[in-house]
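Computed from heavy atoms alone, side chains included, the values below leave out hydrogens, waters and symmetry copies.
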Amino acid sequence: MRKPGHWFLLPILLSAVVIAAQPATSPDLAAIRSFYESGLQRNGILGSSLVLIRNGKVVLHDDYGVQSQSPAVPVDDNTTYHWASCTKTFTGVAIMQLRDRGLLSLDDPLIKYLPELSAVHDRYGPLSKITIRQMMSHSGGFRDPTWPWHDADWQPFEPTQWSQIVAMLPYTDILFEPGSRFSYSNLGVVFLGEIIERLSGDPYEVYVDKNILMPLGMTRTYFDRSPYYLLRYRSHSWDLTGGKLTEDPFDFNTGITRSNGGLNAPLPDMLRYIHFLLGDPAKQAEYDAILKRSSLEEMWKPILPVVPNEDFVSRSGAHDEVAASFFVHTDGKLKLIGHAGWQNGFRSHFYLDPATRNAYVVAYNTDAQDKTQNTRAFDFELRDYLIDHYFTKD
């Protein structure tokens, strides 16, 4: 149900599903596409997009289903997905930019830039022990949710102002010895966004636009509510629970949490970001002007193990580790760098192998949550299938 995009053309995105003829030893792209689409159908997912990159080139781009039901609008290259926590990797890149410019150290205490944190209760010692690096690796001891007390529909989707975060700090405590283990924290990434604003003098989304999105040519990427002229391309999203499909709030505002989950982008824009992460000798000077390759690779060094749970599923022989704003998934000899996103009916994931410049990126606009129809479970099935049938092929 894919239509060619009409707002710009990329050589890497042609209208054919399989972009180039593959040698006999290459992965079976038709089989991959069949596995992907049958999984979407089986799990009741209304719309999704999958792109495979091999040696830096797109070899498959499959858009499936619809971005809205009334009227029915097919998913295509224009469709804008919400990328949720994949945003955190952009925040991490921004922090590394500021580090490389000499404006901060990753081992600086948070409280150096955010003195309001002195109100937090830390039974493990002084707040000055908690660092920027620990926020990037989710090991500072802060809770996961930004706002744990949401209990009514009239309340905002997320806190909208920094002042609301500050008001909660006296009721916030450190849950474990900072640096001792991984525990996912959306709140901690809000702190990183605030540091970016204070050191740069720009609102978070303006800083990212000026220093990451525009240099990469991501001209249709934005935070929170859609610009009017792009609203028609924004995908709707749904939850599927108990066999019942319910539409989630459309064109929503992530408020002060934009640094951990506010990004919206069509697939062609996200591919520009993935190519930056993969690197390209022909473009490396351009990419290094955004962030040096050595600094990017520094972000991918494992810091702490991730204990498997429903959000970090690893099959036998595989495991996950947290790095600095990224995760490392090791399966046998293969190490993949990536991040997932999940919010308001959207799910997304990207994984890349910098050694071979192979990667994939996938987005879903339906969060099926039942035992037999489950987007999260299928996303892990797809990852493992691609590890076996794509990444480990000659």
Within this structure, what is the [atom1]-[atom2] distance for the pair [X] and [Y], rounded to the nearest 0.5 Å?
X    : Y    : atom1 : atom2 : value
F276 : Q284 : CZ    : CD    : 8.5 Å
R347 : Y364 : CZ    : OH    : 9.5 Å
T221 : D269 : OG1   : CG    : 3.5 Å
N253 : R225 : CG    : CZ    : 4.5 Å

Q) Does R33 make a cation-pi contact with Y64 (under 6.0 Å, within 45 degrees of the axis)? A) no
Q | Cation-pi, F252 ring and R234 (6.0 angstrom, 45 degrees) | A |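 Here R234 passes the 6.0 Å and 45° test against F252.
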Q: Please assess Y204 against T91 for the test side-chain hydrogen bond (donor to acceptor under 3.5 Å, both in side chains), listing each intermediate value before the final yes or no.
A: CA-CA 9 Å; Y204 168 83; T91 300; 2.6 Å; yes
Q.
Less than 4.0 angstrom from a charged side-chain N to a carboxylate O is my criterion; do E177 and K129 meet it?
A. yes
Ring pair (Phe, Tyr, Trp, His ring centres under 6.0 Å) partners for [X], two or more places apart:
X    : answer
Y124 : none
F176 : none
W238 : none
Y81  : none

Q | R143/T172 under side-chain hydrogen bond (donor to acceptor under 3.5 Å, both in side chains): CA gap, chis, key distance, verdict | A | CA-CA 8 Å; R143 65 175 182 266; T172 297; 2.8 Å; yes
Q | Qualifying salt bridge (charged side-chain N to carboxylate O under 4.0 Å, His left out) pairs with a residue from residues 182-196, counting only residues at least two apart or across chains | A | E194-R198
Q: Could you check D108, I95, L106 and say which one makes a side-chain contact (heavy atoms from CB on, under 4.5 Å) with R133?
A: L106
Q) For the side-chain contact (heavy atoms from CB on, under 4.5 Å) test, which of D76, T79, L267 pairs with S49? A) L267
Q: Could you state whether F326 and V328 fall into the same hydrophobic cluster, counting links through intermediate Ile, Leu, Val, Met, Phe, Trp or Tyr residues with side-chain heavy atoms under 4.5 angstrom apart?
A: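 Looking at the clustering, V328 is in the same group as F326.
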Q: Could you go through the salt bridge (Lys or Arg N to Asp or Glu O under 4.0 Å) check for K393 and D28 one step at a time?
A: CA-CA 10 Å; K393 292 293 183 178; D28 186 339; over 6 Å; no
Tell me the closest heavy-atom pair linking [X] and [Y], and the distance in Å.
X    : Y    : result
F346 : S235 : CZ-O, 3.4 Å
L169 : E116 : CD1-O, 3.4 Å
D384 : H329 : OD1-NE2, 4.5 Å

Are the side chain of [X] and the backbone of [Y] linked by a donor-acceptor contact shorter than 3.5 Å?
X    : Y    : answer
T366 : A368 : no
N260 : N186 : yes
D320 : V306 : no
S237 : N365 : no
S48  : A363 : yes

Any chance the rings of [X] and [Y] have centres within less than 6.0 Å?
X    : Y    : answer
F90  : Y273 : yes
Y390 : Y351 : no
F327 : H339 : yes

Q: Report yes or no: do T356 and N358 form a side-chain donor-acceptor pair below 3.5 Å?
A: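 Short answer, yes.
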Q. Does the side chain of Y184 come under 3.5 Å of the side chain of S85 through a donor N or O and an acceptor N or O?
A.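 Looking only at side-chain atoms, S85 and Y184 do form a donor-acceptor pair, the distance falling under 3.5 Å.
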**Q.** side-chain hydrogen bond (donor to acceptor under 3.5 Å, both in side chains) assessment of T80 paired with N264
**A.** CA-CA 6 Å; T80 299; N264 306 296; over 6 Å; no
Q.
Set out, in order, the CA-CA distance, both residues' side-chain angles and the distance that settles side-chain hydrogen bond (donor to acceptor under 3.5 Å, both in side chains) for H236 and Q69, then state yes or no.
A. CA-CA 8 Å; H236 293 245; Q69 289 185 303; over 6 Å; no
Q) Partners of D209 by side chain to side chain contact (heavy atoms under 4.5 Å, CB included), sequence neighbours excluded? A) L213, M214
Q | Side-chain heavy-atom pair E321, K335 within 4.5 angstrom cut-off | A | yes
